[in-house]
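Right, one structure below, let's go through it.
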Amino acid sequence: MRIADKGLVDRSQRVTFTFDGQPVHGYAGDTVASALLASDVKLVARSFKYHRPRGVMGAGSEEANALITVGSGAQQDPNIRATQQEIYAGLETRSQNRWPTLDVDLLAANDFAAPFLGAGFYYKTFMWPKAFWEKIYEPVIRRAAGLGALSKQHNPDSYEKAFAFCDLLVIGAGPSGLMAALTAARAGAEVILADEDSLMGGRLNGDAGDVGGISGADWAAQTVAELAAMPNVRLMTRTTVTGAYDQGTFGAIERVSHHLAKAGGRPKECFWRIVAKRSVLCAGAIERPIAFENNDRPGIMTASAVRTYVNRYGVAPGKAVTVFTNNDSGHKTARDLIAAGVHVAMVIDSRRDAPDSGDYPMVKGAEVCNAGGRKALESVTYRTMSGEEKVATDCLAVSGGWNPSVHLTCHMNGRPVWREDIQSFVPTDGMIPSMTTAGACQGSFSTHAALREGAAAAGVALEALGMTLAATEVPAAEDAPYSVTPLWAVGGKGRAWLDFQNDVTVKDVKQAAKENFRSVEHMKRYTTQGMSPDQGKNSNVGALAVLADATGRGIPETGTTTFRPPFVPVSIAALGAGAQGDGFAPQRFTTSHKASVDAGAPMIEAGLWYRPSYYPAAGETTWRQSCDREVTMVREAVGICDVSTLGKIDIQGADAAEFLDFVYCNMFSTLKVGRVRYGLMLREDGTVMDDGTTARWGESHFVMTTTTAAAGPVMRHLEYVHQCLRPELDVAMISTTEQWAQFAVAGPKSRELLNTLVDEDIDNDSFPFMGCGEITVQGLKGRLFRISFSGEHAYEIAVPARYGESLYRMMVARAETLGGGAYGMEALNVLRIEKGFITHAEIHGRTTAFDVGMGRMVSAKKDCVGKTMSERPGLHGDEREQLVGLKPVGPVKQLTAGAHLFDVGADPTRENEQGYTTSVGFSPTMQSFLGFAFLRNGRARHGDEVMMVDHLRGITTRCEICDPVFFDPEGGRVRG
């Protein structure tokens, strides 16, 4: 029911929405939960396993029960918390996990089978008989699994991703967060204040206390208004910071149009990557329930949630409210209820020394031991030393103490510590670099303490930023001490619930301990406690306390489960914003992407990048025509190809040369400054990992180039080698792949073209083959490498990425005046096959340096990663499949990749296979198909013939075995 003249909702704007097809009335500012409670709707959901009736329990993202589906058809969105979904005219919501209706759920029969469905029943039951799994168990489980349902239709909503940068990120806009943001903003810092609620203020909006002589809600509104007027502050409401990552990066999900009837072109959600120099965590705390028999009845709520519905929404969750508490928070709820004119039936305090009050009936040293009713609470039974008594009530407000929201501080493997005085876990300093915690999330539960610590945390951040702290007065506010007497579960015969959504009981946790699942992580997996949508926000501490008691250990010794991102569920559509319809696969575009698309080039995926396959010219009707033209163009004139996708790793440090000697199988410490060397890298098992070139830019500065496909794996490998195998080396590295746009300029006219662009004179003296150095392109600093992947006189020119498109268009235009132009991946592949250069088609994870003909590159003068393992018997010798070239010599002239090789005259069966092909292409230069293959003892069989058989395509070709370098084997063209 509504409370007259109470709350922050706008009663001038009446809003009607539907729940399970029935109209529900509320006001602007209401959530679905508050509007349902105001309409006296108690039953809103069913539990996961037993389908027990459930009602609203909390008031925020910690809600475990009231999960609903919003919308219909393609736009239906399941598992939305009713406590967070703001209402608007026309909003369609419905309950889920029930059949056929919420009120009459036939699946509630599971509740009667509870004795057979306890913790671990699926592990024990579904193992036997074995034949039942595929035909009975799995189909039934799949049909019953899940909460809510997707429509299976294409989602028409749009999503966005965005980046933000700031001096200080303040996470949470309660009293400590507002004070931290205000203090830092007044000092001139660039501040982002993010809060998951639509209304900033946190508990100030849900409690009745004053701040600075005015109501907490008014003080919060005034502070938010001041912050909003500052140009150095970004306020982000409806934005939950979901994870903390390296180097001050945070993930955050913003609900952009969930609360709007019409999106008006806005995305539904936006996923933010926020990079902050410093951060302050003001995430508050979550009130925990107390387990007792039937403590899951609709109408049983946390005491703080009851206060929030009364003070913020002007809603009385019941007509006769009972309070059950072990700390003073319950008494605060009772006082707020009475002030609002709501009848308090009784306050039941488990503490014998609880403070007296003449405002409401109270029983000390008592415990609620049972709840009556099924679809709605009707009564509670409490137990004292003298026996049990029953109280008629339709709402029970429970407070078992407070758990600081330490989740974000644990996202980099930090562990919180137990504080005995507050009976909960708190973060320790340094769990997240550059982060300071303040307020309730570090165990300070008074309003004044939160304000004071918020200001202090901002001061710490400002000092670290080198900024001067402006004088900011901390306003007066409630500063009562916090006292709690631990009470986790009340003894009794019936089931007492810990994890409400997953139906985990006290008995389940004790059963896990009895079956020796004593580790908190094992208990979690055995019982599924904490795996529900709230991720244990309500149940974790209570469950581990029960486990500690069952195993005879203390809570600190028992420990906590691991908190991982995200803090709240994040839709895949938001994480993959912009990729709907493309399978949400990551997409990376070069700076020349638009120019290639404008030229009509079909784009293909290479690794995660999109690269042009070929550039069709007028009159060309097949890709082969374009490819042949582009190959000939490079051989006779000049071609331009974007090679920015190659991994680029900047390596610096006094021991950089020694480090490269260790990761490459050949020597790099002897490389002169201004020169480039080809390198081969082995995995620890002795097989080839990658190849590429590395340039020596200075005595202690190298620039490594990797293949496109291995850019990420090589970077991880280098970090692993440095951190684990050679930590004593003074070396640092960073990927610069995205920072440089790099283009190959290949062909006999490549130098002529470059000399029309660069400010220096390029010749054989200034840039000999395998040379490198800085250049300027029309006044812009860049890099030039004289290296070739085509076998032609060629260069690779690199400029900062922001200039990539301009340089590319300019070079292609000038190349066309010289009889050349752009060439794509098809021509690139043919050019490298003609010249005998390998790619990951050849170094595919099973080949060694010996196999690819580079065994002599493994230096005998030094050790390197994989060297010892590469010398194992079986990884070299005549029986190994060795890299060779193939040319068709029979009537069939076609070669295909992935075909098998057999001796001439042998049956084409698995037992007779001699090898396989890897890369093929038609060479307009040689006027023949050419291919690479791995053939047993292949290097000794040059000049022999072999049969290529492609069983899949039905192609059989007689081939000559030859050296894999088909074109210019002396290398005169690259040095010319």
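Excluded from the calculations below are hydrogen atoms, water molecules and symmetry mates; all remaining heavy atoms, backbone and side chain alike, are included. Here, residue 1 is the first one in the sequence, and each next residue gets the next number.
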For His522, is the NE2 atom crowded, meaning more than 12 foreign heavy atoms sit under 6.0 Å from it?
no
Quiz: residues 363-374 side-chain donor-acceptor pairs under 3.5 angstrom, not counting sequence neighbours:
from, atom 1, to, atom 2, distance (Å)
Lys364, NZ, Ala354, O, 2.8
Lys364, NZ, Asp356, OD1, 2.3
Asn370, OD1, Asn294, ND2, 3.0

Arg98 and Asp20 ion-paired at < 4.0 Å
yes
If the threshold is 4.0 Å, N to carboxylate O, is there a salt bridge linking Arg383 and Glu388?
yes
Kindly check if the number of other-residue, nucleotide or ligand heavy atoms within 6.0 Å of NZ (Lys42) is above 12?
yes
Rounded at 0.5 Å granularity, tell me how far CG in Leu451 sits from OG in Ser444.
11.5 Å
Taking Arg495 first and then Asp111, would you say they form a salt bridge - that is, a charged N and a carboxylate O separated by under 4.0 Å?
yes
Side-chain H-bond candidate by donor/acceptor type, Thr505 with Asp508, under 3.5 Å:
yes
With no hydrogens and no angle check, is any side-chain donor or acceptor of Asp105 less than 3.5 Å from a backbone partner on Leu107?
yes
Using the six-membered ring of Trp497, assess whether NZ or CZ of Arg54 lies under 6.0 Å from its centre and within 45 degrees of the ring axis.
yes
Quick one: pull up CG in Asn97 and CG in Leu67 and give me the separation to the nearest 0.5 Å.
9.5 Å
Look up atom NE2 in His343 and atom OH in Tyr360, then write down how far apart they are to the nearest 0.5 Å.
14.0 Å
Here the gap from Asn65 atom CG to Gln501 atom CD, rounded to the nearest 0.5 Å, amounts to 6.5 Å
Say you draw a straight line from CD of Glu287 to CZ of Arg307; how long is it, rounded to the nearest 0.5 Å?
6.5 Å
Counterpart residues, ring-ring contact (aromatic ring centres under 6.0 Å, His included), relative to Tyr313 (two or more places apart):
Tyr309
Hey, does Phe324 have a side-chain heavy atom less than 4.5 Å from the side chain of Tyr382?
no
Could Asp349 and Arg351 be called an ion pair, given the rule that one side-chain N must be under 4.0 Å from one carboxylate O?
yes
Nearest 0.5 Å please: distance from the CZ atom of Arg419 over to the CD1 atom of Ile555.
14.5 Å
Kindly list each side-chain donor-acceptor pair under 3.5 angstrom involving residues 423-430, sequence neighbours excluded, with atom names and distances?
from, atom 1, to, atom 2, distance (Å)
Gln423, NE2, Glu420, O, 3.0
Gln423, NE2, Glu420, OE2, 2.9
Ser424, OG, Asn403, OD1, 3.1

